[in-house]
Amino acid sequence: MEHAPIVVHRVSPSGGRRVSLRARGRETVLGLAHSDPDVIEFLRRAEVPDPDEVVLGGAPSAIEWQGEAPHVYEAEPTDTDVP
């Protein structure tokens, strides 16, 4: 099964999503993104062609959004009964 070369991982409990690039059998972490512009910049630095298009909609087979919906970077607040 072929995996997307770009992975935006689940939102961390403190917010943000790790972004990694799969190439030549290795996965390299590019950074922790807190917004779409962060992901675009990481991809630009990794010399991914047309990073805006990849992130904002034109290449669903190139990017895998794990966990939460795409473009969500903040953790859901926990449901607590703190007054």
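Only heavy atoms go into these numbers, but all of them, side chains included; no hydrogens, no water, no symmetry mates. Computed from a prediction, not measured in an experiment: that's the story for all the values here.
- In this structure the side chain of Val7 reaches within 4.5 angstrom of the side chain of Gln66, judged on heavy atoms.
- Sequence neighbours left out, the pairs with a member in residues 12-26 that pass salt bridge (charged side-chain N to carboxylate O under 4.0 Å, His left out) are Arg22-Glu27, Arg22-Glu64.
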Chi angles and distances behind the side chain to side chain contact (heavy atoms under 4.5 Å, CB included) call for Leu32, Val19: CA-CA 6 Å; Leu32 182 66; Val19 179; over 6 Å; no
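- Of all the heavy atoms in Pro49 and Val54, the pair that sits closest is O-CG2, 3.9 Å.
- In this structure Glu68 satisfies the side chain to side chain donor-acceptor pair (under 3.5 Å) test with no other residue, sequence neighbours excluded.
- Annotation: salt bridge (charged side-chain N to carboxylate O under 4.0 Å, His left out) contacts involving residues 5-14, sequence neighbours excluded, are absent.
- Closest of all the heavy-atom pairs between Ser61 and Pro5 is O-CD, 3.9 Å.
- For Arg44, the side chain to side chain donor-acceptor pair (under 3.5 Å) criterion is met by Glu41, not counting sequence neighbours.
- For the side chain to side chain donor-acceptor pair (under 3.5 Å) test, no residue two or more places apart in sequence or in another chain qualifies with Glu74.
- Within the model, atoms CD1 of Ile63 and CG of Leu21 stand 10.5 Å from one another, a figure rounded to the nearest 0.5 Å.
- Applying the side-chain contact (heavy atoms from CB on, under 4.5 Å) rule to Ser12 yields the partners Ser14; only residues at least two apart in sequence or on another chain are considered.
- Under the side-chain contact (heavy atoms from CB on, under 4.5 Å) criterion, Ala75 pairs with Val11, sequence neighbours left out.
- Listed by chain and residue number, His71, Tyr73 satisfy the side chain to side chain donor-acceptor pair (under 3.5 Å) test with Asp36 (two or more places apart in sequence, or in another chain).
- One hydrophobic cluster, built from ILVMFWY side chains closer than 4.5 Å, holds both Leu43 and Leu56.
- The shortest heavy-atom contact between Ile40 and Pro51 is O-CB, 3.7 Å.
- Put simply, CG on Leu30 and CG on Asp38 are 12.0 Å apart, with the number rounded to the nearest 0.5 Å.
- Between Trp65 atom CH2 and Ile6 atom CD1 the span is 10.0 Å, to the nearest 0.5 Å.
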